Amino acid sequence: MAECPICSAQNEEILWQNPQLRVIAVHNESNAPAFCRVIWQAHVGEMTDLAADERAEIMNAVYRVEAAMRQVFQPAKINLASLGNVVPHLHWHVIARFDNDANFPAPIWAPAQRKATMTVADDWPQQVKKLLEAV
């Protein structure tokens, strides 16, 4: 990939970071208004590109984000996904799902089944950030 959009990302809403990874709020998925990404800072494509302690570090971050999102949203389910088919840079999607979101129980990237009737607080990223910083 000539230029990785994750490596060169700008204007991200960073909720937490350290030298190895960052957690961002995702606002451009219309069918998923409660969505975070956990991104490995270095450009690697797969979990097995990492050493065992690095794999543990990224998964612990995914678990922390899941726990914070469960506390903030009290969703019906949390979806975790690591795809990278379009952008082969290691990252995890952490998505709060609701019974009344546009796609539930199908994936957020499937065609919408209904008009979403759920709403989330405008300050949800700050709520998640506060919980992540407390750990």
Side-chain angles (χ1 to χ4, degrees):
M1 181 166 256
E3 185 176 319
C4 174
I6 292 178
C7 288
S8 61
Q10 297 180 20
N11 302 317
E12 293 178 319
E13 185 172 3
I14 297 174
L15 305 181
W16 184 86
Q17 69 179 332
N18 70 16
Q20 290 74 36
L21 56 89
R22 68 188 184 272
V23 176
I24 65 168
V26 177
H27 297 288
N28 62 350
E29 291 286 348
S30 60
N31 290 340
F35 188 147
C36 291
R37 276 195 196 105
V38 179
I39 301 168
W40 193 254
Q41 302 281 35
H43 187 85
V44 298
E46 307 296 342
M47 288 290 290
T48 52
D49 291 336
L50 302 178
D53 61 327
E54 294 170 325
R55 289 191 302 267
E57 181 175 2
I58 193 170
M59 291 313 301
N60 284 334
V62 169
Y63 304 146
R64 286 178 51 210
V65 172
E66 177 184 311
M69 291 179 74
R70 288 184 70 195
Q71 186 172 337
V72 169
F73 298 111
Q74 300 177 351
K77 183 74 175 96
I78 294 282
N79 289 173
L80 302 176
S82 179
L83 306 170
N85 299 331
V86 176
V87 180
H89 183 127
L90 182 59
H91 63 283
W92 282 85
H93 303 274
V94 184
I95 308 162
R97 299 300 308 278
F98 306 89
D99 293 335
N100 56 350
D101 73 31
N103 299 75
F104 196 82
I108 64 161
W109 299 289
Q113 298 182 13
R114 69 190 71 79
K115 182 174 172 53
T117 58
M118 44 75 61
T119 59
V120 296
D122 289 339
D123 71 338
W124 75 261
Q126 291 76 29
Q127 293 179 49
V128 171
K129 180 178 184 170
K130 183 177 179 182
L131 292 169
L132 293 175
E133 290 173 344
V135 175

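None of these values were measured; they are calculated from a predicted model.
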Exercise. Give, for atom CZ of R70 and atom CD of E66, the distance between the pair rounded to the nearest 0.5 Å.
Key: 6.0 Å
Quiz item: In terms of heavy-atom contacts, does CD of Q126 have more than 12 from other residues, nucleotides or ligands at under 6.0 Å?
Solution: yes
Practice problem: Using a cut-off of 6.0 Å, state whether more than 12 heavy atoms not belonging to D122 lie near its atom CG. | Solution: no
Exercise. Output the distance between atom CE (M69) and atom CD (Q74), rounded to the nearest 0.5 Å.
Key: 13.0 Å
Self-check item: Spatial distance of atom CG (D49) from atom NE2 (H43) [nearest 0.5 Å]
Solution: 9.5 Å
Quiz prompt | Separation of T119 OG1 from F98 CZ (nearest 0.5 Å) | solution = 9.0 Å
Practice problem: Would you check if W92 and M47 make a side-chain contact, meaning some heavy-atom pair closer than 4.5 Å? | Solution: yes
Quiz item: In terms of the angle between their ring planes, are W109 and H93 parallel, tilted or perpendicular, with boundaries placed at 30° and 60°?
Solution: perpendicular
Quiz prompt | Atom of R55, atom of L50 and distance for their closest heavy-atom approach | solution = NH1-O, 2.6 Å
Quiz item: Is it true that V72 and F104 fall in one hydrophobic cluster, defined by side-chain heavy atoms closer than 4.5 Å?
Solution: no
Quiz prompt | N31 side, atom CG; R97 side, atom CZ - distance, nearest 0.5 Å | solution = 8.5 Å
Quiz item: Are more than 12 heavy atoms from other residues, nucleotides or ligands located less than 6.0 Å from atom CD of E46?
Solution: no
Quiz item: Can V86 be reached from I95 by stepping across I, L, V, M, F, W or Y side chains whose heavy atoms are under 4.5 Å apart?
Solution: yes
Quiz item: Within a strict 4.5 Å, meaning less than it, do heavy atoms of the C36 and W124 side chains meet?
Solution: yes
Quiz item: Looking at K129 and L15, what are the two nearest heavy atoms and their distance?
Solution: CG-O, 3.1 Å
Quiz prompt | Side-chain heavy-atom pair L80, M59 within 4.5 angstrom cut-off | solution = no
Quiz prompt | Euclidean distance, T48 OG1 relative to L90 CG, rounded to 0.5 Å | solution = 9.5 Å
Exercise. Taking the side chain as every heavy atom from C-beta outward, state whether P33 and M118 have any atom pair closer than 4.5 Å.
Key: yes
Quiz item: Should I108 and V120 be counted in the same cluster of Ile, Leu, Val, Met, Phe, Trp and Tyr side chains packed under 4.5 Å apart?
Solution: no
Practice problem: Identify whether F35 and V23 are in the same connected component of the hydrophobic contact network (ILVMFWY, side-chain heavy atoms under 4.5 Å). | Solution: no
Exercise. Give the minimum heavy-atom separation between P5 and V87, together with the two atoms involved.
Key: CG-CG2, 3.8 Å
Quiz item: Is any side-chain heavy atom of H89 closer than 4.5 Å to a side-chain heavy atom of C7?
Solution: yes
Quiz item: L21, L132: one ILVMFWY side-chain cluster at the under-4.5 Å cut-off?
Solution: yes
Quiz prompt | For I6 against H91, the heavy-atom pair lying closest together | solution = CD1-ND1, 3.5 Å
Quiz item: Is there side-chain contact between E57 and N18, with heavy atoms separated by less than 4.5 Å?
Solution: yes
Quiz item: What are the two closest non-hydrogen atoms of E12 and I24, and how far apart are they?
Solution: OE2-CD1, 3.7 Å
Exercise. Work out which heavy atom in P19 is nearest to a heavy atom in Q41; give both atom names and the distance.
Key: O-CG, 3.4 Å
Practice problem: For N103 and A106, indicate whether the former's side chain and the latter's backbone hold a donor-acceptor pair under 3.5 Å. | Solution: no
Quiz item: Between R64 and L131, is there a donor-acceptor pair closer than 3.5 Å when you use the side chain of the first and the backbone of the second?
Solution: no
Quiz item: Is there a donor-acceptor pair closer than 3.5 Å between any side-chain N or O of R22 and the backbone N or O of V38?
Solution: no
